Amino acid sequence: MYSFQTGAGRRRQKQLTRLLLLLIFILAIALGGVTFSYLKTRNAAQATSQAILSRAVSEASEAQSAVYRLTQSSGTNTTTLLSTVRSHVYALECLNALAANIYGAGTALTDPELLNECEATLTECETRLQTGSVITTQTTLLRDKIDLLVQGFGGMI
């Protein structure tokens, strides 16, 4: 004869139900934690992107302001204005590198080739100043290149 306990199947079903409810509760808490973490990370990433872009827009605007002062200057502060423009162009290069490091290779806030052309024009201006030559053509070219940089940011400036 077989011994058969009455209600054993019902108890087993209750245990299984409790186990499943506990598992669902744990998964719900884990999902809540993951969601919170994702939202916090996404907000931080958006704030970082906005800060980098704002800084780039500011640097481009400052470079444009300095290059316009350079093209209108009488020549007494030309070297200072050239170094100011160079510092803003360098800052844009650094922000490009930072964006590439954060968001992956190939990411750039401004055209790297245009930045290199600005650097070359700045170097040519400084070389011509040291030899006592006129730099009107170079400063006009530099102004045009800086204007292209600023246009790259669209209506943000």
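All figures in this text were calculated on a predicted structure; none of them were measured in a lab. Positions are given from 1 along the sequence.
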K.L.:
Roughly how far apart are Glu59 CD and Phe153 CZ, rounded to 0.5 Å?
P.N.:
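Glu59 CD to Phe153 CZ: 9.5 Å, rounded to 0.5 Å.
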K.L.:
For Ala56 versus Leu109, what's the shortest heavy-atom pair and its separation?
P.N.:
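Result for this residue pair: CB-CD1, 3.8 Å.
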K.L.:
Between Thr139 and Arg143, do the side chains contain a donor N or O and an acceptor N or O under 3.5 Å apart?
P.N.:
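Distance-only check fails for Arg143 and Thr139.
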K.L.:
With a 3.5 Å distance limit and no angle check, can you tell me whether Thr140 reaches the backbone of Thr136 through a side-chain donor-acceptor pair?
P.N.:
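Answer holds: yes.
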K.L.:
Is it the case that more than 12 heavy atoms not belonging to Tyr103 sit under 6.0 Å from its OH atom?
P.N.:
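Enclosed: over 12 neighbouring heavy atoms sit under 6.0 Å from OH of Tyr103.
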K.L.:
Answer yes or no: is there a donor N or O on one side and an acceptor on the other, between the side chain of Ser49 and the main chain of Ala45, under 3.5 Å?
P.N.:
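Side chain of Ser49 to backbone of Ala45: a pair is present.
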K.L.:
Just by modelled atom types, is the Ala44 backbone N or O under 3.5 Å from a matching donor or acceptor in the Thr48 side chain?
P.N.:
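Checked: pair present.
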K.L.:
Give a yes or no on this: more than 12 heavy atoms of other residues, nucleotides or ligands lie within 6.0 Å of atom CZ of Arg55.
P.N.:
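For Arg55, atom CZ is not crowded (no more than 12 foreign heavy atoms under 6.0 Å).
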K.L.:
With ILVMFWY side chains joined below 4.5 Å, transitively, what does Phe25's cluster contain besides itself?
P.N.:
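Once heavy-atom contacts under 4.5 Å are chained together, Phe25 belongs with Ile29.
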K.L.:
Nearest 0.5 Å, what's the CD-CG distance between Glu93 and Leu98?
P.N.:
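Result: 13.5 Å between the selected atoms.
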K.L.:
Any side-chain heavy atom of Tyr90 within less than 4.5 Å of one from Val85?
P.N.:
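No. Closest side-chain heavy atoms not under 4.5 Å.
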K.L.:
How long is the gap from CG on Leu23 to CZ on Arg18, to the nearest 0.5 Å?
P.N.:
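These two atoms lie 16.0 Å from each other.
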K.L.:
For a quick test of reading the model, state the closest non-hydrogen atom pair linking Ala66 to Thr84 and the distance between them.
P.N.:
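Heavy-atom minimum between the residues: CB-CG2, 3.9 Å.
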K.L.:
Specify the closest pair of heavy atoms between Thr80 and Ser83, including all atoms of both residues, with the distance to one decimal.
P.N.:
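Reported closest heavy-atom pair: O-OG, 2.7 Å.
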K.L.:
Contact between Ile102 and Ile52 at the side-chain level, heavy atoms closer than 4.5 Å - yes or no?
P.N.:
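Yes, at least one pair of side-chain atoms sits under 4.5 Å.
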K.L.:
List the atom of Cys118, the atom of Ile146, and the distance in Å for their closest heavy-atom pair.
P.N.:
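Minimum heavy-atom contact is SG-CD1, 3.9 Å.
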K.L.:
Has Arg128 got a side-chain atom pairing as donor or acceptor with Val134's backbone, closer than 3.5 angstrom?
P.N.:
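Such a contact is found between Arg128 side chain and Val134 backbone.
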K.L.:
Where do Leu115 and Asn96 come nearest, in terms of heavy atoms and distance?
P.N.:
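Closest pair (atom of Leu115, atom of Asn96, distance): CD1-ND2, 3.4 Å.
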K.L.:
Could you go through the side chain to side chain contact (heavy atoms under 4.5 Å, CB included) check for Arg42 and Leu39 one step at a time?
P.N.:
CA-CA 5 Å; Arg42 188 184 72 180; Leu39 291 175; 3.8 Å; yes
